[in-house]
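Structure below; questions to follow.
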Amino acid sequence: MRSFGIYPDHTMFPFVLKACVFLKNLRLGESIHGCIIRLGLDFDLFTGNALLNMYAKFQSLQLNGGCKVSAFNVFDGMPKSVIRLDSVPKVLEMMPERDVVSYNTVIAGNAQNGMYEEALRMVREMGNANMKPDSFTLSSVLPIFAEYVDVMKGKEIHGYAIRHLFDSDCYIGSSLIDMYANCARIEDSCHVFNLLPTRDDISWNSIIAACVQNGVFDEGLKLFRLMLTARVKPRDVTFSSIMPACAYLTTLHLGKQLHGYIIRGGFDDNLFIASSLIDMYAKCGNIRAARWIFDQMEHHDMVSWTAIIMGHALHGHAHDALSLFKQMEKDGVKPNYVSFIAVFTACSHAGLTDKAWRFFNSMSQNHGIKPGLEHYAAMADLLGRAGKLNEAYEFISSMHFAPSGSIWSTLLSACRVHKNLELAEKVAKEIFKVDPENVGAYVLMSNMYAASRRWKEAAKMRIFMKKKGIRKEPACSWIEVKNSVHTFISGDKSHPLYDGIFQALKDLLEQIEREGYIPDTNEDFHDVDEEQKKYLLFSHSERLALAFGIISTPAGTTIRITKNIRVCVDCHTAIKLISKVVQREIIVRDNSRFHHFKDGVCSCRDYW
DNA sequence: GTAGGGTTAG
């Protein structure tokens with residue numbers, strides 16, 4: 001057009017600048033900017049707004065590469081390479097007039113670059129200039145209050161939206177869903193979603209992510225199915241949002257189905273999705289598949305490294321976990337807060353206390369990460385498991401913040417494993433001081449008293465619980481057979497195939513007794529005779545699930561069971577022998593790790 | 001000419 005000698009007018013540049021944004025070509029954009037100035041069109045409002053938008057977008061690109069330098073208001077202190085990007089405030093200052101769009105563009109630019117206070121300042125300035133926030137403004141501001149976890153301010157915006165009839169706006173809808181979800185107000189998220197007159201893929205993604213992030217996994221999965229029924233196409237974000245639900249519920253068949261979708265949709269090179277797949281396979285007991293995905297990836301970021309390290313840690317592969325951590329550092333990927341939790345978990349499941357101490361010290365010294373509650377908890381857990389109970393006690397007492405009930409609880413369960421009632425009493429006192437309703441502590445103390453035949457004190461604990469009206473969650477195991485999940489609680493006879501299960505349990509008992517199995521009744525704390533105890537052990541939830549798995553799958557199939565609390569010692573012994581007599585691999589995930597039983601031995605080498 | 005959603009955590 002220009003070669004024909006035709007001059008562009010003010011209507012043209014917004015489109016040309018937009019093309020530069022799509023092409024991610026800053027140099028081209030800058031030369032167009034030059035062209036605009038030469039033609040004297042930089043005083044045009046629409047052209048100015050398009051320039052603002054372009055520079056703001058390139059600012060995001062630059063910042064996503066690492067440094068979070070404020071390019072909007074800092075000029076002097078900026079590194080040379082970023083100086084060109086300072087053009088947003090310059091363009092803004094030069095503009096002869098500004099409208100709502102100018103402000104919205106700058107507000108969004110600041111908000112997307114993490115400069116929340118500057119964004120909010122611009123909102124006030126906009127008000128001072130007699131311009132009212134519109135739906136664009138609100139959907140840029142809401143994510144700020146989501147990030148701040150400030151539900152009061154978020155609600156204020158929601159109210160403003162309702163008063164100005166913006167609440168049926170799809171964009172504001174997703175921001176509201178996300179804001180409420182971030183503030184743990186999942187009911188409010190659902191309420192907003194249900195009231196939306198129109199929903200696009202992002203509204204669906206927002207509500208699904210909201211459910212999963214708040215632990216409402218069944219609802220998340222239900223909404224995912226509804227999304228498919230509504231013929232809304234799932235996107236990359238959908239998969240990385242829903243996958244953690246499969247990981248948490250150990251629904252391997254669903255995870256695999258989603259993996260199929262992901263491959264067919266061509267999403268398998270997405271970093272977020274790959275990390276969520278690694279986590280899902282690891283948590284569903286298939287660490288080999290998790291590792292395969294990790295090894296297939298072209299680039300690894302900190303999250304994917306952390307996910308695979310945690311995966312190996314949970315499966316008791318401390319050596320793999322730690323050598324991966326070394327490799328990660330060698331690759332120049334910086335570990336974060338979560339990565340160290342994974343490292344401590346690895347050390348914990350292998351009893352590597354010395355190594356853990358070295359990591360703990362290097363975490364703050366070499367990586368500048370201040371140990372948080374989770375790190376202290378992991379270290380305390382590790383020391384406790386290794387039997388270093390007093391060291392753990394000292395460690396917890398020396399924390400630079402007040403210990404929580406949960407951190408003392410890790411030590412209490414270590415006292416149970418190592419049968420130290422004296423320290424347990426001391427620890428329990430600390431727990432009841434900060435958390436008088438801690439169910440686990442009452443149950444553990446009651447069991448420990450019972451184990452030392454101090455029935456009166458055991459009963460006292462139970463009575464305390466009753467008085468306070470707190471109940472422990474029943475022990476529960478589940479297993480997936482033919483794409484459906486079967487749940488068992490201890491002593492449960494309600495399964496339709498119970499007769500077969502009972503017969504199988506009896507047969508298995510006979511077979512393992514021939515292998516030398518002697519019931520270990522030490523951990524059963526009912527004041528009843530030995531024969532009855534044997535029966536109680538016999539009907540533990542993991543045994544029921546296992547017996548059901550054996551009779552309902554073909555010979556040789558790997559059996560995967562999930563349990564909500566720690567596997568009991570007797571069941572651990574029994575399952576080892578069962579894996580030998582039925583010649584099957586049995587994988588049990590309890591609340592802290594995986595046990596791979598095969599040929600009479602367990603991967604945890606009886607340390608868990 | 002301007003806006004919203006994602007992965008790892010005893």
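In the text below, chain A, chain B and the rest are named by the order of the sequence lines, each starting its count at 1. As a basis for the values below, the full set of heavy atoms in this structure was taken, side chains included, without hydrogen atoms, waters or symmetry mates. Computed from a prediction, not measured in an experiment: that's the story for all the values here.
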ask   = Looking at side-chain heavy atoms only, is the closest gap between A/His367 and A/Lys334 below 4.5 Å?
value =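 Side chain of A/His367 against side chain of A/Lys334, heavy atoms only: no contact under 4.5 Å found.
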ask   = Which listed nucleotide (B/dT2, B/dG6, B/dA9) is nearest to the side chain of A/Ser240?
value =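 Given the options B/dT2, B/dG6, B/dA9, the side chain of A/Ser240 is closest to B/dG6.
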query = For the pair made of CD1 in A/Ile207 and C1' in B/dG6, what is the distance, rounded to whole Å?
reply =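 Atom-to-atom, A/Ile207 to B/dG6, this comes out as 15 Å.
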key: Geometric cation-pi criterion A/Arg199 and A/Phe193, 6.0 Å radius, 45° cone   =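 Pair A/Arg199/A/Phe193 counts as cation-pi.
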query = Please walk me through it: do A/Cys284 and A/Thr562 pass side-chain contact (heavy atoms from CB on, under 4.5 Å)?
reply = CA-CA 9 Å; A/Cys284 289; A/Thr562 308; over 6 Å; no
ask   = Counting side-chain heavy atoms from C-beta on, which of B/dG6, B/dG4, B/dT2 comes nearest to A/Ile202?
value =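 In terms of side-chain proximity for A/Ile202, the closest of B/dG6, B/dG4, B/dT2 is B/dG4.
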ask   = Of the nucleotides B/dG6, B/dT2, B/dT7, which one has an atom closest to the side chain of A/Thr105?
value =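 Among B/dG6, B/dT2, B/dT7, the one nearest the side chain of A/Thr105 is B/dT2.
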ask   = Just checking A/Asp178: base, sugar-phosphate only, or nothing, at a heavy-atom cut-off of under 4.0 Å?
value =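 Counting heavy atoms under 4.0 Å across all strands, the contact made by A/Asp178 is with sugar-phosphate only.
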ask   = With a 4.0 Å cut-off on heavy atoms, is A/Tyr376 in touch with a base, just the backbone sugar-phosphate, or nothing at all?
value =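 Nothing: the residue A/Tyr376, judged by heavy atoms under 4.0 Å, touches no strand.
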ask   = B/dG6 C1' sits how many Å from A/Arg235 CZ, rounded?
value =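 Whole-Å distance recorded here is 11 Å.
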query = A/Phe272 side chain: which of B/dA3, B/dA9, B/dG6 is closest?
reply =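 The listed nucleotide nearest to A/Phe272's side chain is B/dG6.
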ask   = What is the distance from CG of A/Asn591 to P of B/dA9, rounded to the nearest Å?
value =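 Whole-Å distance recorded here is 15 Å.
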inquiry  = From C-beta outward on A/Ile341, which listed nucleotide comes closest to its side chain: B/dA3, B/dA9, B/dG4?
reply    =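 That would be B/dA9.
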task = Calculate the interatomic distance between A/Asp134 atom CG and B/dA3 atom P; express it in whole Å.
result =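 These atoms are roughly 11 Å apart.
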ask   = Below 4.0 angstrom from OP1 or OP2 of B/dA3, is there any side-chain N or O of A/Lys57?
value =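 Looking at the OP1 and OP2 atoms of B/dA3, one of them is under 4.0 Å from a side-chain N or O of A/Lys57.
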ask   = Taking NZ from A/Lys334 and C1' from B/dT8, how many angstroms apart are they, rounded to a whole number?
value =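 Rounded to the whole Å, the gap is 18 Å.
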Side-chain donor/acceptor contact of A/Asp169 with base of B/dG4 under 3.5 Å =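 For A/Asp169, whose side chain was compared with the base of B/dG4, there is no donor-acceptor pair (under 3.5 Å).
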query = Rounded to the Å, how far apart are A/Phe325 CZ and B/dA9 P?
reply =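 Taking CZ of A/Phe325 and P of B/dA9, I get 16 Å after rounding.
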query = Among the nucleotides B/dT7, B/dA9, B/dG4, which one has an atom lying closest to any side-chain atom of A/Lys283?
reply =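 The nucleotide sitting nearest to the side chain is B/dA9.
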key: Heavy-atom donor-acceptor pair, A/Ser139 side-chain to B/dG4 base, under 3.5 Å   =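 Checked by distance alone, the answer is no.
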ask   = Given atom CE of A/Met302 and atom P of B/dG6, what is their separation to the nearest angstrom?
value =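 It is 16 Å, rounded to the nearest whole Å.
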query = Rounded to the nearest Å, what distance is computed from the CG atom of residue A/Leu324 to the P atom of nucleotide B/dT8?
reply =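 Taking atom P of B/dT8 as the reference, CG of A/Leu324 is at 18 Å.
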task = Remember a base hit wins even if backbone is also touched, and classify A/Thr410 as base, sugar-phosphate or nothing at under 4.0 Å, heavy atoms.
result =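 Result for A/Thr410 = base.
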task = Determine: side-chain N/O of A/Asn104 to OP1/OP2 of B/dA3, distance under 4.0 Å, yes or no.
result =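 Negative; the distance criterion is not met.
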query = In terms of side-chain heavy atoms of A/Ser275, which of B/dA3, B/dA9, B/dT7 is nearest?
reply =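 My answer, after comparing the listed nucleotides, is B/dT7.
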query = Base, sugar-phosphate, or nothing for A/Ser135, non-hydrogen atoms under 4.0 angstrom?
reply =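 Base contact - A/Ser135 has a heavy atom under 4.0 Å of at least one base atom.
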task = Specify whether A/Phe224 and A/Tyr261 have parallel, tilted or perpendicular ring planes, treating 30° as the upper limit for parallel and 60° as the lower limit for perpendicular.
result =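 Geometry flag for A/Tyr261 against A/Phe224: perpendicular rings.
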task = For the side chain of A/Tyr171, starting at C-beta, report the closest nucleotide among B/dG6, B/dT8, B/dA3.
result =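 Side chain of A/Tyr171 sits closest to B/dA3.
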request  = Please work out if A/Ser206 contacts a base, only the sugar-phosphate, or nothing of the nucleic acid, heavy-atom cut-off 4.0 Å.
outcome  =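 Sugar-phosphate only.
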query = What class does the angle between the rings of A/His317 and A/His312 fall in, given that below 30° is parallel, 30 to 60° is tilted and above 60° is perpendicular?
reply =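 Because their plane-to-plane angle lies in the 30° to 60° range, the rings of A/His317 and A/His312 count as tilted.
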ask   = Which heavy atom in A/Ile144 sits nearest to a heavy atom in A/Ala111, and how many Å separate them?
value =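 That closest heavy-atom pairing would be CD1-CB, 4.1 Å.
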request  = Please tell me which of the listed nucleotides, B/dG10, B/dT2, B/dG6, lies nearest to the side chain of A/Val101?
outcome  =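 From the listed options, B/dT2 comes nearest.
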